[in-house]
Protein chains: 2
Amino acid sequence: MTGVRATIGVLGGMGPEATILFMQKTLDAVRANDDADHVPLIVDHNTQVPSRIKALLDGEGDDPGPALAKMAERLQVAGADALAMPCNTAHFYARTITDSVSIPFLDMVQLSTRRAVELTAQGGRVGLLGSPALQATGVFENAMADSGIRAVCADDNDARLGIIRSIKKNGPSKQATDALQKAANRVTDLGADVVIVCCSEFSLIADRLDCDVPIFDTLDVLVDACVSFSNGKLPSSEAARRSSAASIPTKTDHQGKENLQC
Amino acid sequence: MTGVRATIGVLGGMGPEATILFMQKTLDAVRANDDADHVPLIVDHNTQVPSRIKALLDGEGDDPGPALAKMAERLQVAGADALAMPCNTAHFYARTITDSVSIPFLDMVQLSTRRAVELTAQGGRVGLLGSPALQATGVFENAMADSGIRAVCADDNDARLGIIRSIKKNGPSKQATDALQKAANRVTDLGADVVIVCCSEFSLIADRLDCDVPIFDTLDVLVDACVSFSNGKLPSSEAARRSSAASIPTKTDHQGKENLQC
């Protein structure tokens, strides 16, 4: 541990914008009088991790798993007291990461599922505003399997992909916000009791959305967990996993269909 | 080296805002089609480095040198191919860093001095827009000692400190920009042929300044060097130093007066 605060090791660079946004949010989350009040991070801003989309959806290219395991190992060696990964889709490889280190992994998907459980009743419906790739890999659906809540997604993959592309190309815009508002309306029309923003492009405009039900961003959940951990507060065991992770699949479903619950 | 691009190890967290700005500028500097086109970084976002101001100006607190040396060592072990440090004042400890690793250190102060030399004639005057602490430690003045150019600083420490405090508290504002414009005018009135923005708070508003002479930001110089290095272009030996550094002082001048050239 560096200084008096615990250090968070960040598996980053997926994409680099999301990592920088996570760092900015972590900075903004702390009321600081001096640099030392802020959370120390070691960030492997690794832009060279093999494409998760290509491996998971197309069954092509190198397997990102070994690269993520190596990143986790070297972050631990470099002095990280816990790990975090500000990328929803990459949580498909959560168990590969936890199997390679002895420090806790602050699992953004598990932590967000817990928050959703707190915000809705047993049998509640959770609307996911994520990328089509996240949806196809079933990362959240698997995390929610034994939670008593279930995911709902609208059949608007093309629209959400269009928003992501638009933000990547032109940055946040009114057009993108309007389109994301429509996507949020669709999942509430499908009966969502709570909405999760689980795509880092959407995070850039999430605070502009107007929802009739509670809505939160997975990136904010991860920031809260990192700040708490750095302050000495350990999240519960199912959210900060060592090698006992169970609910994220380890077998790649290249078709990405069987895992879908919505 | 990770993937096909060289990885830059970043001694960061001094302050954390500057590190995030450096990362954002590095991201913006690359025309990318995919994550993999971006520069891979390993960022030790260490907010717990002992206060440089306290050690250098007041002669109090722990020596930041050993902490910086340890950060450099573990960045090298973690896979960095070169090091960068987006903090002007911390370059006082440049030799401590280069003495502890075998990979190049992309020295922001040396690189910026070289750019200033390119922009002005022999005997030229370089106006420094930095913090009073940077000025008092003479980091730039020492780097320019044998360069044929010399630094000029206005006698407006209180004004520049006021701008820094204002930006730290309220973010970039018109008031801060107007005050920094006045500071820029003062150094050009003193005969500066080129102006260097060498304070990360000022970097947030540097592009709003209107100057009659060339003006550049040290952070942008460092970004250029990191992108070039990652692409396989090595800067010249005097700017990317191994253990042969010579022009940065290693003895702490607690009064910070003797080093002043302006």
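These values consider heavy atoms only, across backbone and side chains, with no hydrogens, waters or symmetry-generated copies. Per chain, numbering begins at 1; letters A, B, ... match sequence-line order.
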Review point. Is it true that B:Arg52 and A:Asp35 make a salt bridge, defined as a side-chain N closer than 4.0 Å to a carboxylate O?
Key: yes
dist A:Asn46:CG -> B:Arg5:CZ (nearest 0.5 Å) comes out at 12.0 Å
Max heavy-atom pairs within cutoff under 4.5 Å with chain B, candidates A:Ala36, A:Ala78, A:Ala67, goes to A:Ala36
TODO: Inspect the surroundings of CG in A:Asp62 and state if more than 12 heavy atoms from other residues, nucleotides or ligands are less than 6.0 Å away.
DONE: no
Applying a strict 4.5 Å limit to non-hydrogen atoms, the region of A:Glu17 in contact with chain B is both
Under 4.5 Å to a heavy atom of chain B? For A:Val39 that would be backbone
Residues 158-165 of chain A vs chain B, non-hydrogen distance cutoff under 4.5 Å, contacting residues -> none
For A:Glu73, look at atom CD and say whether over 12 heavy atoms of other residues, nucleotides or ligands are found less than 6.0 Å away.
yes
Q.
Within the 4.5 Å heavy-atom criterion, are A:Arg74 and B:Ile42 side-chain neighbours or not?
A. yes
Separation between CE (A:Met23) and CE (B:Met23), nearest 0.5 Å, reads 4.0 Å
Correct closest heavy-atom pair for A:Pro16 and B:Leu27 would be CB-CD1, 3.3 Å
On a heavy-atom basis, the closest approach of B:Ile20 and A:Gln24 is CG2-OE1, 3.4 Å
Between the OG1 atom in A:Thr47 and the CG atom in B:Leu41, the distance rounded to the nearest 0.5 Å is 7.5 Å
